[in-house]
Asks: 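Take this structure, written in structure tokens, and hold onto it; I'll ask about it next.
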Amino acid sequence: MGNRGEPDHKELLKTMLKIRCFEEKTLQLYRDGFMQGPTHLYIGQEAVATGVCAALEEGDLIVSTHRPHGHLLAKGADPYRLLAELLGRKDGYSRGKGGSMHNTCLALGVLPSSAIVGGGLPYAVGAALAAKLRGSGQVVVSFFGDGASNQGTFHESLNMAGIWRLPIVFACENNLYGSSTRQDRATLVKDIAQRATSYGIQGKVVDGNDVLGVYGASKAAVAAARQGQGPTLLEFKTYRWYGHSTADPGDTYRTPEEISHWKEKCPIKRFTALLLDKETLSQVEIDRLKQEIQWAIDEASRRALEAPFPVTEEALSDVFSVEK
Ligand SMILES: Cc1ncc(C[n+]2csc(CCOP(=O)(O)OP(=O)(O)O)c2C)c(N)n1
Ligand SMILES: [Mg+2]
């Protein structure tokens, strides 16, 4: 998969299926009592992480959020190491001490993610400034939600990235809710992308359930960033199928009609229909792909459940702030 010419459609489907399958496994592990705390599922939003990351070059960087699994997998994370982290095992990306929301893999260009809503934007801007000063040619993507766009950090970050024309793409995943608050109760502008105007940068609304549309918009924004034209704010309209986290049933503030309306717009179903229609892949090939991914995730989960926990003696190593 590259960002020159057309993306590899089979790879795009594979990545979306991998994220879906991984998240279904995560939910099962949570329900079976193997995880220490709730986690935020990405099901329904797969096209965003997949399309955005497919538009990046290998050395480019991402900063994720409290809903990070999809972003990491799309950037090439190993499902085994990610599941190991979710289960608190020492093979995890943060050696079992970070859990779902704190995964880092510098080799893959995944900078530390944070549970602080809007907390990732300023250091994504810092990373973009570093890339510019070093002349590394890297582009940074900062993922965040609609809720985060009301944090001060969002506004300061867009302003600073704009005036310094930094190589960054702001990827806002508008899934209609910040926890249980509907976006239009918290934000009066119709489109969050409109806010780009305030900072003199480009803003664009994108159908976040259309992986090719996500890819196309991201590719253009990444190219502009790399060529020194500064940042773009992309707003991806999408929806999370499950509750805010596994601790939230998600059905007290959303109607069944709304949920089923968005399930109809499933990004995987939609892309699969397109591939079948264009005869890029046959139903048999798609079924085989799904089966292979399911086997790989089952195997990753089996290994992660057997993997050792970190030893007590290492409880304080790699921890940068310890209360005395
Ligand atoms: C600064 C801060 N405020 C509040 C919270 C609690 N919180 C966690 S996620 C969340 C909602 C975030 O909504 P959004 O940015 O739209 O992301 P989504 O969960 O929809 O992906 C809130 C309020 C937090 N983690 N950090
Ligand atoms: Mg949201």
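Each ligand, and each atom within it, is numbered from 1 in the order the structure gives.
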Asks: For Asp146, is at least one N or O under 3.5 Å away from an N or O on ligand 1?
Replies: yes
Asks: Among all protein heavy atoms, pick the one closest to atom 16 (O) of ligand 1 and tell me residue, atom and distance.
Replies: Gly147 N, 2.8 Å
Asks: From the Mg ion (ligand 2) out to just under 2.8 Å, does an N/O/S atom of Asn175 turn up?
Replies: yes
Asks: For Gln151, is the nearest heavy atom under 4.0 Å from an atom of ligand 1?
Replies: yes
Asks: Answer yes or no: is there an ion pair linking Glu285 with Arg288, defined by an N-O contact shorter than 4.0 Å?
Replies: no
Asks: Using a heavy-atom cut-off of under 4.0 Å, does the side chain or the backbone of His66 touch ligand 1, or both, or neither?
Replies: side chain
Asks: Among all protein heavy atoms, pick the one closest to atom 13 (O) of ligand 1 and tell me residue, atom and distance.
Replies: Gly178 CA, 3.3 Å
Asks: Among all protein heavy atoms in this structure, tell me which lies nearest to atom 26 (N) of ligand 1, with the distance rounded to 0.1 Å.
Replies: Val117 N, 3.1 Å
Asks: Please tell me whether Ser180 and Asp248 have a donor and an acceptor in their side chains that are separated by less than 3.5 angstrom.
Replies: no
Asks: Test salt bridge (charged side-chain N to carboxylate O under 4.0 Å, His left out) on Arg182 and Asp184; report intermediate values, then the result.
Replies: CA-CA 6 Å; Arg182 210 184 142 86; Asp184 58 11; 3.4 Å; yes
Asks: Please state which part of Phe144 comes within less than 4.0 Å of ligand 1, counting heavy atoms only: side chain, backbone, both or neither.
Replies: neither
Asks: Below the 3.5 angstrom mark, is there an N/O of Asn175, backbone or side chain, next to an N/O of ligand 1?
Replies: yes
Asks: Check ligand 1 against Ser179 and write out every atom of the ligand that is under 4.0 Å from a heavy-atom position of the residue.
Replies: 10 (C), 11 (C), 22 (C), 23 (C)
Asks: With a 3.5 Å distance limit and no angle check, can you tell me whether Arg195 reaches the backbone of Val189 through a side-chain donor-acceptor pair?
Replies: no
Asks: Quick test: of every protein heavy atom, which one is nearest to atom 15 (O) of ligand 1, and how far off is it to 0.1 Å?
Replies: Ala148 N, 3.0 Å
Asks: Using distance alone, with no hydrogens and no angle criterion, decide if Gln294 and Asp298 have a side-chain donor and acceptor under 3.5 Å apart.
Replies: yes
Asks: Calculate the angle formed at the Mg ion (ligand 2) by OD1 in Asp146 and O in Tyr177; 10° precision is enough.
Replies: 110°
Asks: Check this for me: does any side-chain nitrogen of one of Glu23 and Arg240 sit under 4.0 Å from a carboxylate oxygen of the other?
Replies: no
Asks: I need the single residue from Asp191, Asp146, Asp207 that forms a side-chain hydrogen bond (donor to acceptor under 3.5 Å, both in side chains) with Lys237. Which is it?
Replies: Asp191
Asks: Would you mind telling me if ligand 1 is within reach of the side chain of Ala115, the backbone, both or neither, using heavy atoms under 4.0 Å?
Replies: backbone
Asks: Quick one: do Arg302 and Glu306 satisfy salt bridge (charged side-chain N to carboxylate O under 4.0 Å, His left out)? Show the steps, please.
Replies: CA-CA 7 Å; Arg302 191 193 59 71; Glu306 282 175 4; 3.3 Å; yes
Asks: I need the contact type for His244 against ligand 1. Using non-hydrogen atoms and a strict under-4.0 Å cut-off, is it side chain, backbone, both or neither?
Replies: side chain
Asks: Would you mind running through ligand 1 and noting each atom that sits below 4.0 Å from a heavy atom of Gly145?
Replies: 14 (P), 15 (O), 16 (O), 17 (O)
Asks: Whether the Thr238 and Asn209 side chains hold a donor-acceptor pair (N or O, under 3.5 Å, no angle test) is what I'd like checked.
Replies: yes
Asks: Of the protein's non-hydrogen atoms, which lies at the shortest distance from atom 21 (O) of ligand 1, and what is that distance?
Replies: Arg67 NE, 2.9 Å
Asks: Look at the rings of Phe143 and His71 and say which category their plane angle falls in: under 30° parallel, 30 to 60° tilted, over 60° perpendicular.
Replies: parallel
